Protein chains: 4
Amino acid sequence: MSISPDIVEGTENVSPATGRPLTKRGEATRRRLLEAAEAVFAEQGYHEASIVKITERAGIGLGTFYLYFDSKQSIFESLVLDLNQRVRHAMAEEMDAAGSRLDAERAGFAGFFRFTAEHPALYRVVREAEFVSPETLRQHYTRIVDGYERGLAAAQAVGDVDRRLDPAVTAWALMGMGELIGMRFLLWDRDAEGRAPAEMPVDVFDHMMLFIDNALAPRTHDTEDGRS
Amino acid sequence: MSISPDIVEGTENVSPATGRPLTKRGEATRRRLLEAAEAVFAEQGYHEASIVKITERAGIGLGTFYLYFDSKQSIFESLVLDLNQRVRHAMAEEMDAAGSRLDAERAGFAGFFRFTAEHPALYRVVREAEFVSPETLRQHYTRIVDGYERGLAAAQAVGDVDRRLDPAVTAWALMGMGELIGMRFLLWDRDAEGRAPAEMPVDVFDHMMLFIDNALAPRTHDTEDGRS
Amino acid sequence: MSISPDIVEGTENVSPATGRPLTKRGEATRRRLLEAAEAVFAEQGYHEASIVKITERAGIGLGTFYLYFDSKQSIFESLVLDLNQRVRHAMAEEMDAAGSRLDAERAGFAGFFRFTAEHPALYRVVREAEFVSPETLRQHYTRIVDGYERGLAAAQAVGDVDRRLDPAVTAWALMGMGELIGMRFLLWDRDAEGRAPAEMPVDVFDHMMLFIDNALAPRTHDTEDGRS
Amino acid sequence: MSISPDIVEGTENVSPATGRPLTKRGEATRRRLLEAAEAVFAEQGYHEASIVKITERAGIGLGTFYLYFDSKQSIFESLVLDLNQRVRHAMAEEMDAAGSRLDAERAGFAGFFRFTAEHPALYRVVREAEFVSPETLRQHYTRIVDGYERGLAAAQAVGDVDRRLDPAVTAWALMGMGELIGMRFLLWDRDAEGRAPAEMPVDVFDHMMLFIDNALAPRTHDTEDGRS
DNA sequence: TATGAATGAGCTTTCATTCAT
DNA sequence: AATGAATGAAAGCTCATTCAT
């Protein structure tokens with residue numbers, strides 16, 4: 001009854017310049033570039049970010065960048081896919097520990113929001129990806145939504161979720177809710193020092209879960225034929 | 001019982017260069033620039049769009065641009081605010097004609113989706129606005145969400161909506177759903193000729209409305225204390 | 001009996017950026033760029049030359065360059081074709097004033113050498129054009145050689161040149177002689193101050209003409225059937 | 001009566017890094033680098049060629065290059081000088097087998113063209129050498145021309161060549177003819193499959209030799225005073 | 001009001017060379 | 001003797017903005 005997504009892809013570990021697999025040192029350099037890119041993209045956005053800013057932040061030479069990535073777009077895509085993998089992993093981990101359907105949902109969103117708070121780049125960068133790499137954008141959303149969708153279908157099968165709901169439409173609805181509520185209450189809100197909250201405020205979270213629970217809960221007469 | 005937003009701001013009608021109000025001819029030029037900007041931003045995105053492309057599309061000279069807008073960012077902000085006003089107007093118009101609460105919701109979303117289909121720029125441009133003009137981005141969302149929120153509060157007052165729901169959180173949830181479902185089923189889907197659907201497929205729309213109705217519907221025992 | 005080449009092409013006078021014909025001012029700017037390019041290419045060669053060096057020399061802004069030429073290669077090609085036109089014009093002018101066949105040849109080479117001395121760029125730049133723009137290289141040589149070839153054929157028809165000679169091969173031979181003798185005695189030789197001679201030393205010129213005259217002169221028994 | 005050049009220089013056989021003489025293995029690596037450089041320079045030209053391309057073609061590591069050559073320019077110079085030596089060797093070999101003066105000339109040009117056909121790098125690379133290494137360029141031409149010049153002077157002494165001709169000017173004329181006719185009829189012409197001819201077409205060669213023979217042949221009254 | 005030639009900061013990318021292994 | 005990851009100077013090019021007309 002888990003709606004945790006499954007994660008399959010491995011990390012890219014081949015040099016685009018030589019085509020050879022990366023050495024241990026190379027792997028570390030690549031990782032530092034990705035981390036620097038995450039920070040710079042998150043702070044400045046894709047277009048304001050520059051290779052120089054990324055390499056400076058990573059503490060490596062400008063030319064070195066091109067030993068690991070073909071282009072700015074290429075590291076962007078790698079980063080999105082990397083973050084996508086990790087957010088799904090984070091969600092899956094929390095969901096797997098859950099007992100009931102509602103607990104799993106709650107856990108999934110908790111994982112999503114926790115990840116968003118720690119990696120605002122994912123949210124920020126994805127929202128401007130439409131013209132940078134539409135395919136990557138689609139992959140990112142689709143992979144997360146697919147997880148929701150499968151979980152919903154499974155929950156419907158055992159009667160935990162209103163059978164009249166379409167799993168795909170519902171999954172995209174949940175994704176949209178998570179994204180905009182994350183944006184509004186996690187990334188926009190600032191305290192006196194201008195710092196974003198470390199995690200989603202519990203009351204917001206509870207209200208959102210109430211909304212979702214209302215939406216998904218099977219109606220009393222729903223158990224019979226799935227249609228009122 | 002209407003959740004239609006109210007619209008207050010007027011069109012910008014002062015030349016940033018001279019500070020004097022625009023003549024009739026000037027007003028027309030400004031409008032052509034905004035229309036060209038909408039098309040170019042929608043097709044190419046903010047960063048790929050260039051002033052030259054916009055002025056060429058508008059059929060006016062490059063230098064003329066700066067008689068009407070201070071900068072590229074400035075026309076971007078004007079465009080977002082202009083579209084925001086128009087989408088809220090479109091939503092309000094449809095909602096005002098509605099009878100019941102559910103009808104109003106349905107009408108509001110229908111208006112939103114219709115506008116999105118006709119003005120993909122709104123969606124596309126907003127999603128990359130975070131780093132271009134965060135304040136404008138906030139205004140755009142807030143104005144729409146405020147409308148939802150007031151409508152929800154009013155509906156709760158008369159018992160049409162589950163009183164336990166927080167209007168603000170719920171409103172952002174609805175906004176997120178609308179945005180992502182619009183993106184997924186209106187802007188991504190293409191027919192054989194690569195054309196986007198002219199409007200939201202009716203079954204997607206119905207499933208979304210079912211989800212929303214589930215979520216908002218007052219529970220039977222909800223009239224007593226607002227808590228189950 | 002003239003071997004002067006005919007010149008047909010007009011100067012490019014359309015902006016590559018806008019596609020519109022150049023204004024008078026634009027024409028002047030373009031000319032300054034070409035002159036600067038000639039100087040920089042001649043001094044530094046194609047690859048060492050840079051757009052910045054060219055625009056600095058021309059006294060215009062870097063960006064302006066791209067209003068007149070698409071790329072570095074583009075100005076290179078324009079320059080070669082421009083110089084080609086002018087060298088053929090210079091040769092034709094001198095040749096038209098000549099009386100006899102020998103005088104015309106002498107005048108043609110004189111024009112060629114004079115132009116080479118004044119425009120070393122032509123020689124220098126053409127010699128490295130093989131990988132920059134092979135088509136332009138071919139055009140340059142072919143246009144000059146075609147002139148020789150036609151002149152030779154005409155002179156053979158009236159018996160002024162040995163009829164056994166193939167006009168094409170002979171024309172290429174003359175071109176090669178002119179180029180290498182120009183290089184050796186015009187561009188390599190330097191006086192005490194390191195300055196190249198202003199014109200071809202007269203004795204070198206005379207010896208070359210003797211060689212050519214020997215080569216072309218009809219043999220005594222050649223007048224009868226063109227074959228010994 | 002031979003106009004074959006004499007060859008004196010030996011192969012470079014000292015490591016620029018250590019200053020010690022090359023081992024047998026080192027000698028082989030150096031040779032592979034030169035061969036790779038010849039191919040890459042011929043195909044791509046000096047500036048498009050890169051050390052990486054050369055070392056990859058040679059099948060050795062990038063860093064190894066600098067054990068054998070100081071710089072890109074250095075291998076270029078070595079290559080030009082190496083090819084120069086070999087082309088003169090090829091010419092000399094054919095000329096030594098010749099009987100008459102005319103045969104020797106013919107043989108020399110035949111050797112030159114054969115070498116050009118087999119080693120287009122010589123022609124291609126030399127023509128862009130002006131700005132890469134002018135001194136090397138001068139050496140290359142001078143060494144070949146010197147051979148011609150000495151041969152011409154010797155032939156004049158025995159009355160085989162018109163005594164009025166200046167050996168130096170004539171030698172440069174011959175060099176120029178050979179170069180441009182080689183370029184035109186050997187390197188430019190392509191068959192249906194885009195392949196260059198394996199050797200100079202015999203009719204072109206014969207016409208060129210006729211031209212040369214005309215030019216050099218002593219006039220009947222030439223034996224008396226060297227001036228008509 | 002309208003124009004478009006001119007500008008230059010700033011971008012992404014390449015590649016000869018170094019050096020620790 | 002051999003390697004290839006790392007470097008950064010310098011290149012070609014774009015485009016928002018200015019300003020003289």
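All chains are named by letter (A, B, ...) in the order of the sequence lines, taking the proteins before the strands, and each is independently numbered beginning at 1. Note that the structure is a prediction, hence the values are computed from the model and not measured.
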**Request:** Please identify each residue that fulfils side chain to side chain contact (heavy atoms under 4.5 Å, CB included) with T64(B), with sequence neighbours left out.
**Result:** T29(B), I60(B), L67(B), Y68(B)

**Complete:** Here the distance between atom C1' of dA16(E) and atom CZ of F76(D), to the nearest Å, is 16 Å

**Asked** Closest heavy-atom contact between V40(D) and A49(D)?
**Response** CG1-CB, 3.5 Å

**Prompt:** Rounded to whole angstrom units, what separation is found between the CD atom of E27(A) and the P atom of dA6(F)?
**Reply:** 12 Å

**Prompt:** When the distance from CG of L67(A) to P of dT14(E) is rounded to whole Å, what number comes out?
**Reply:** 11 Å

**Prompt:** Does R124(A) have any side chain to side chain donor-acceptor pair (under 3.5 Å) partners at least two apart in sequence or in another chain, and if so, which?
**Reply:** none

**Prompt:** Roughly how far, to the nearest 0.5 Å, is the NE2 atom of H119(B) from the CD atom of E38(B)?
**Reply:** 5.5 Å

**Request:** Whenever both distances are under 3.5 Å in a Watson-Crick or G-U wobble pair, mark it; put DNA chain F into dot-bracket that way, with [ ] for crossing pairs and | when the partner is on another strand.
**Result:** .||||||||||||||||||||

**Message:** Counting only side-chain nitrogens and oxygens, does T29(D) get under 4.0 Å of the OP1 or OP2 atom of dA2(F)?
**Reply:** yes

**Whole angstrom value for the distance that separates P of dA11(F) from CD1 of I54(C)** = 11 Å

**Protein-nucleotide distance (E56(B), atom CD; dA5(E), atom P), rounded to Å** = 12 Å

**Base-contact (B) and sugar-phosphate-only (S) positions in nucleotides 12-21 of chain F, heavy-atom cut-off under 4.0 Å, - elsewhere** = SBB-SBB---

**For R86(A), all residues meeting side chain to side chain donor-acceptor pair (under 3.5 Å), sequence neighbours excluded** = D82(A)

**Message:** If the condition is side chain to side chain donor-acceptor pair (under 3.5 Å), which residues does R127(B) pass it with, not counting sequence neighbours?
**Reply:** Y141(A), E179(A), Y123(B), E179(B)

**Prompt:** Over how many whole Å does the gap from R30(A) atom CZ to dA5(F) atom C1' extend?
**Reply:** 16 Å

**Request:** Grab the OH-P distance between Y68(C) and dA5(E) for me, whole Å please.
**Result:** 7 Å

**Request:** Enumerate the residue pairs fulfilling ring-ring contact (aromatic ring centres under 6.0 Å, His included) with a member in residues 23-58 of chain C, sequence neighbours excluded, ordered by first and then second residue.
**Result:** F41(C)-Y46(C), F41(C)-F76(C), Y46(C)-F76(C), H47(C)-H47(D)

**Message:** Under 4.0 Å, heavy atom to any atom of DNA chain E: which of residues 36-43 of chain D qualify?
**Reply:** none

**Item:** d(CZ, R32(D); P, dA1(F)) in whole Å
**Value:** 15 Å

**Request:** Return the set of residues passing salt bridge (charged side-chain N to carboxylate O under 4.0 Å, His left out) with E43(A) (not counting sequence neighbours), or none when no residue passes.
**Result:** R57(A)

**Request:** Please name the residue in the list E77(A), H140(A), R138(A) that meets the side-chain hydrogen bond (donor to acceptor under 3.5 Å, both in side chains) test with S133(A).
**Result:** E77(A)

**Asked** Does Q139(A) have any side chain to side chain contact (heavy atoms under 4.5 Å, CB included) partners at least two apart in sequence or in another chain, and if so, which?
**Response** L81(A), E135(A), R143(A)

**Message:** Restricting to side chain to side chain donor-acceptor pair (under 3.5 Å), what partner residues turn up for E56(A), sequence neighbours left out?
**Reply:** none

